[in-house]
Engineer: 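Shown below is the structure under consideration.
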Amino acid sequence: MNERDNLINRIRERVHHPATARELAKVLKIAREDRHGFKRDLNALVESGALLQIKGNRYGLPDKMDLIVGKLHTNAGGFGFVVAENATRGDGKDLYIAAANLTEAMHGDRVVARLERQTAKGPEGRIIRVLERASDSIVGRYEVDAGGLGYVVPFDRRVLTDIHVPTGESSSAEPGEMVLVGITRWPTATRGPVGRIVEVLGNINDPGVDTEIIIRKFGIPDEHSEEAVAEAVRLGTAVKEKDIRGRMDFRGVTTVTIDGEHARDFDDAITIEKLPNGHYWLGVHIADVSHYVKEGSALDEEGYDRGTSVYFTERAVHMFPAALATGLCSLNPHVDRLVQSCLMEVDRRGQVVRYETHDGVIHSDARMTYTAVNAILTERDPQTIEKYRELVPMFELMHELFGILNQRRRRRGSIDFDLPEAAVILTERGQIKDIIATERNVAHRLIEEFMLLANETVAAHLVAHRVPALHRVHEAPDVKKVLEFEEFITTLGYSLAASGSDVRPKHFQKLIDRIQGTPEERPIAALMLRTMQKARYDAASLGHFGLAAEHYAHFTSPIRRYPDLVVHRMLRESRGGAMTEARRAELDDEMPEAARHTSEMERRADEAERELLQWKKVRFMADKVGDEYEGFVTGVAQFGLFVELVEHYVEGLVHISSMADDYYRFVEQLHVLKGENTKKVYRLGDKVLVQVVRVDMERRQVDLGLVDILENVRREERPRGPIRSKTKPKKEQRSATRPRSAQRPGRRERQARKGRRGRT
């Protein structure tokens, strides 16, 4: 616990009302010579939101004053929610903020909100202070109104107001172009924000602009600083002899990397052999980024700020400059590379009976692909086997160990989602040409199994040696969510066979085995994932529920994940002898904030990757309006059904307004929409036939309609000919008084009309 956490705890225990700095110092018995530092700590706590400064220069604890510190999430409908820090969004405790009570806050801001009343739908309140702005710039579309005034329409619909751009602040932007606008004056309760255009991104339909928009929207740093690039370049392109001294030399051991066809950075390599006792000696060798990226360096600061690499459909935004990520730290074949190695002796039941960790050096013999290894092990392709005949025995030994390790994990109940995923094929312009299903083959699975084993072994080592680190944790699901999940799957004839508090990973895995290959497999698996907690980083080893692992840490990807780099540093320190208590205390202070930050950066990367992919999928469907597809209901909400198309793996919305054959009511517990009169039910997992009704590029959404309902409604609306009144129109009444000869055209006139019809 650091000094400021200690100070907060003392205030909570001893001070029972908002107090001035003088009163706090007196109650807490702060020595006079320490009061300057004490006041500095108070200001830091106010800045962080742990304390609030109110009228009369008094300091108070937010929760004691019905105040909540958290992040504001606004909605395109004009309202918002404040999610308290250290809480999970959607847990039922979010504070609802009406549009009138948002004051000057914007989406993503860190705010202080006051709880004003409890309602049947949950707590409601108002924003009273903005602690930290989410960003000082916003991406959007530049427009000019009829009066010649410029403004930017935010791309993110959750940003609820346009940004005024004064004359002369529009740079070279043309109306309709996408831009990045820097905020020069924040909004108040009575006026909107003002800004100036700092970057013109171009037309939204130009190649690559969509990626640039998403990068700017999420505030992902795209270019590396000159200092970081210079540091990476100075490191050179080859391993120096002095760097090899004192390392375990694995260059004489047959070593391979196995990655995807298009991978450019290789951060893990494998060695394996059979020991005389029948056990396996597995080596997982990971690029030693920590040797080159020193704490406090420009590279380290950039790596920490980014937290992770981000992988878009067209390109990657690397955590480190390319000279490092795809050069010196990439385990390229036929060159020396520095590694941190975890070597494990694995018995016939998959237990690690002995392990070693080393600073090492390898010389990879081959850069293998998942496709090639699968061709050797599964397809038994003669040409591929002949091409890699010297390595084939190694791959067969890997396959043998994979089966043992996979069975071990299954015995302990590790959850294994193995659903096919969507892979996109792009045109030269960056648009999606096709979307196909990809499944993990045996090569993917065996590498994953080896990485999991190394991660567990390293995590257990760090815990055993009391070394502070960043652990990958996945806590047990919320009991209420488990009960709701059980209630739903019971309607489909399934069960977890365990109560909410007693549920274990094995219960979920057994259910996955039962639903495999059934129509309801994808939706049940999707709902199961929503039932689970989100994995995150933590300074404490809290276990990994999904993997049924007692200890787990990320060790295997330091090129693309900062937490792995931290684990490498800690692993090296643990090999350097006993850690002093002073060093341990220093690290204990640093790790919680590093865990919070890297978890947040991971979520940012995931959201950015997902949004760009969804946008490209929507564009892919733009020319398919009117086409019909089979799909599965993947989500049920009060406003309609989410349906994933079988053919393209694209998800669209069947809005309830299009379900016009009945009044449909949402039954939340059962995840169904039920017709009041027809009693027709649409539930999660149902297979449906849908038609693409509209592709909304503004909302980046595919609107679908249920074919059977659309046809019924159209049939009822189809005109059945004019309805004639029994009362004659006035013209007919007048004509009825004329002579019969006057009512009918003569023969000559009839012939003339016939001629006109013929000519037309």
Side-chain angles (χ1 to χ4, degrees), residues 267-268 280 282-286 290 340-347 349-358 401-402 404-417 447-477 503-509 532-558 561-576 578-579 583-584 587-588 590-596 598-599 602:
D267 48 16
D268 56 83
Y280 302 85
L282 172 67
V284 175
H285 308 273
I286 308 299
S290 64
Q340 286 211 34
S341 303
C342 180
L343 294 104
M344 298 158 283
E345 182 180 343
V346 186
D347 68 15
R349 285 186 57 79
Q351 300 297 326
V352 176
V353 296
R354 178 171 64 94
Y355 73 89
E356 300 172 3
T357 65
H358 299 281
L401 178 58
F402 155 71
I404 292 171
L405 292 174
N406 187 252
Q407 283 302 312
R408 165 183 167 265
R409 270 203 311 120
R410 290 183 68 85
R411 281 196 306 271
R412 77 184 190 194
S414 177
I415 303 172
D416 191 7
F417 290 102
I447 287 297
E448 178 184 62
E449 208 68 59
F450 297 163
M451 297 302 113
L452 290 174
L453 188 67
N455 285 339
E456 283 187 52
T457 302
V458 167
H461 170 87
L462 293 170
V463 171
H465 289 77
R466 295 182 57 233
V467 179
L470 292 181
H471 296 270
R472 184 66 169 176
V473 304
H474 184 227
E475 292 153 296
V503 72
R504 297 291 179 268
K506 64 182 180 182
H507 297 120
F508 287 101
Q509 183 56 51
M532 300 286 182
Q533 304 268 27
K534 283 186 169 61
R536 59 183 177 83
Y537 296 105
D538 199 287
S541 178
L542 304 175
H544 197 293
F545 181 84
L547 294 172
E550 184 180 2
H551 305 295
Y552 194 71
H554 276 162
F555 160 74
T556 53
S557 296
R561 291 187 307 227
Y562 193 83
D564 302 54
L565 177 59
V566 173
V567 166
H568 277 223
R569 286 172 178 161
M570 296 301 97
L571 196 57
R572 178 172 285 127
E573 282 204 37
S574 76
R575 292 195 295 267
M579 183 177 287
R583 175 59 173 159
R584 185 174 284 110
L587 291 169
D588 283 340
E590 294 173 359
M591 291 299 171
E593 174 56 24
R596 184 203 64 78
T598 51
S599 295
E602 180 189 46

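We use all heavy atoms of the structure for the numbers below, so side chains are in, but hydrogens, waters and symmetry mates are not. Everything numeric in this text was worked out from a predicted model, so none of it was measured.
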Engineer: How close do His285 and Ser341 get, heavy atom to heavy atom, and via which atoms?
Structural biologist: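 Scanning both residues, the minimum pair turns out to be ND1-OG, 2.7 Å.
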Engineer: Taking the side chain as every heavy atom from C-beta outward, state whether Gln509 and Ser414 have any atom pair closer than 4.5 Å.
Structural biologist: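 With C-beta onward as the side chain, the pair stays apart.
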Engineer: Mind checking what makes side-chain hydrogen bond (donor to acceptor under 3.5 Å, both in side chains) contact with Arg569, not counting sequence neighbours?
Structural biologist: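 Once residues adjacent in sequence are excluded, the partners of Arg569 under the side-chain hydrogen bond (donor to acceptor under 3.5 Å, both in side chains) criterion are Asp300, Tyr562.
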Engineer: Could you work out, with side chain to side chain contact (heavy atoms under 4.5 Å, CB included) as the rule, every residue matching Arg583, not counting sequence neighbours?
Structural biologist: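 Arg583 satisfies side chain to side chain contact (heavy atoms under 4.5 Å, CB included) with Glu295, Met570, Glu573, Met579, Thr580, Glu586, Leu587 only.
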Engineer: Hey, does the side chain of Arg466 reach the backbone of Arg584 with a donor-acceptor pair shorter than 3.5 angstrom?
Structural biologist: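 Not a single qualifying donor-acceptor pair exists.
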Engineer: Applying salt bridge (Lys or Arg N to Asp or Glu O under 4.0 Å), name anything that partners Asp564, two or more places apart in sequence or on another chain.
Structural biologist: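 Result, salt bridge (Lys or Arg N to Asp or Glu O under 4.0 Å) vs Asp564: Arg561.
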Engineer: Does Arg349 have any side chain to side chain contact (heavy atoms under 4.5 Å, CB included) partners at least two apart in sequence or in another chain, and if so, which?
Structural biologist: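 So Arg349 forms a side chain to side chain contact (heavy atoms under 4.5 Å, CB included) with Asp347, Arg411.
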Engineer: Test of understanding: with side-chain hydrogen bond (donor to acceptor under 3.5 Å, both in side chains), list the residues that count as partners of Arg504, not counting sequence neighbours.
Structural biologist: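 Partners of Arg504 under the side-chain hydrogen bond (donor to acceptor under 3.5 Å, both in side chains) test: none.
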Engineer: Taking the side chain as every heavy atom from C-beta outward, state whether Thr357 and Gln340 have any atom pair closer than 4.5 Å.
Structural biologist: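 No. Closest side-chain heavy atoms not under 4.5 Å.
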Engineer: I need the Asp538 CG to Thr598 OG1 distance, nearest 0.5 Å.
Structural biologist: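 Interatomic distance, Asp538 CG to Thr598 OG1, rounded to 0.5 Å: 10.0 Å.
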Engineer: Going by heavy atoms in the side chains, are Ile404 and Tyr280 under 4.5 Å from each other?
Structural biologist: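 Yes, close enough: below the 4.5 Å cut-off.
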Engineer: Could you work out, with side chain to side chain contact (heavy atoms under 4.5 Å, CB included) as the rule, every residue matching Thr457, not counting sequence neighbours?
Structural biologist: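 Listed in chain order: Cys342, Met344, Val352, Tyr355, Leu453.
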Engineer: Rounded to the nearest 0.5 Å, how far does CZ of Arg575 lie from CD of Glu356?
Structural biologist: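 The distance works out to 11.0 Å.
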Engineer: Suppose we screen for ring pair (Phe, Tyr, Trp, His ring centres under 6.0 Å). Which residues come up paired with Tyr537, at least two apart in sequence or across chains?
Structural biologist: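 Listed in chain order: His554.
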Engineer: Quick one: CZ on Phe555 to CG on Asp268, what's the gap to the nearest 0.5 Å?
Structural biologist: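 These two atoms lie 10.0 Å from each other.
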Engineer: What are the two closest heavy atoms between Pro468 and Asp588, and how far apart are they?
Structural biologist: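 Between these two residues, the closest heavy atoms are CG-OD1, 3.5 Å.
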Engineer: Rounded to the nearest 0.5 Å, what's the gap from CG on Leu343 to CG on Leu282? Could you check?
Structural biologist: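 Output value for this atom pair is 8.0 Å.
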Engineer: Taking only residues two or more places apart in sequence or in another chain, which ones pass side-chain hydrogen bond (donor to acceptor under 3.5 Å, both in side chains) with Glu475?
Structural biologist: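 Glu475 satisfies side-chain hydrogen bond (donor to acceptor under 3.5 Å, both in side chains) with Arg536 only.
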Engineer: Looking at every non-hydrogen atom in both residues, tell me the closest pair between Ala539 and Pro592 and how far apart they are.
Structural biologist: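 Where Ala539 meets Pro592 most closely, the heavy atoms are CB-N, 3.9 Å.
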Engineer: Would you tabulate the side-chain donor-acceptor contacts of residues 544-553 under 3.5 Å, counting partners in other chains and residues two or more places apart, or write 'none'?
Structural biologist:
residue: His544; atom: ND1; partner: Gly546; partner atom: N; Å: 3.4
residue: His544; atom: ND1; partner: Leu547; partner atom: N; Å: 3.1
residue: His551; atom: ND1; partner: Ser541; partner atom: OG; Å: 2.7
residue: Tyr552; atom: OH; partner: Asn455; partner atom: ND2; Å: 3.0

Engineer: I need the minimum non-hydrogen distance between Ser574 and Val467, along with the two atoms involved.
Structural biologist: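 Taking Ser574 first and Val467 second, the nearest heavy atoms are CB-CG2, 3.7 Å.
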Engineer: Would you say the side chain of Leu405 lies within less than 4.5 Å of the side chain of Arg409, judging by non-hydrogen atoms?
Structural biologist: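 With C-beta onward as the side chain, the pair stays apart.
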Engineer: Starting at CE of Met451, measure out to OG of Ser557 and round the result to the nearest 0.5 Å.
Structural biologist: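 Spacing of CE (Met451) from OG (Ser557) equals 8.5 Å.
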Engineer: Answer yes or no: is there a side-chain heavy-atom contact under 4.5 Å between Gln533 and Val473?
Structural biologist: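 They are not in side-chain contact.
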Engineer: Taking only residues two or more places apart in sequence or in another chain, which ones pass salt bridge (Lys or Arg N to Asp or Glu O under 4.0 Å) with Arg572?
Structural biologist: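 Applying salt bridge (Lys or Arg N to Asp or Glu O under 4.0 Å) to Arg572 gives Asp288, Asp359.
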Engineer: Looking at residues at least two apart in the chain, or sitting in another chain, which of them share a side chain to side chain contact (heavy atoms under 4.5 Å, CB included) with Arg596?
Structural biologist: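 Arg596 satisfies side chain to side chain contact (heavy atoms under 4.5 Å, CB included) with Glu593, Glu600 once adjacent residues are dropped.
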Engineer: What residues, two or more places apart in sequence or in another chain, satisfy side-chain hydrogen bond (donor to acceptor under 3.5 Å, both in side chains) together with Glu602?
Structural biologist: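 Counting only residues at least two positions away or on another chain, Glu602 forms a side-chain hydrogen bond (donor to acceptor under 3.5 Å, both in side chains) with Arg472.
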Engineer: Check whether any side-chain heavy atom of Asp267 sits under 4.5 Å from a side-chain heavy atom of Thr556, and report yes or no.
Structural biologist: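 The answer is no, as the side chains (C-beta and beyond) never meet within the 4.5 Å cut-off.
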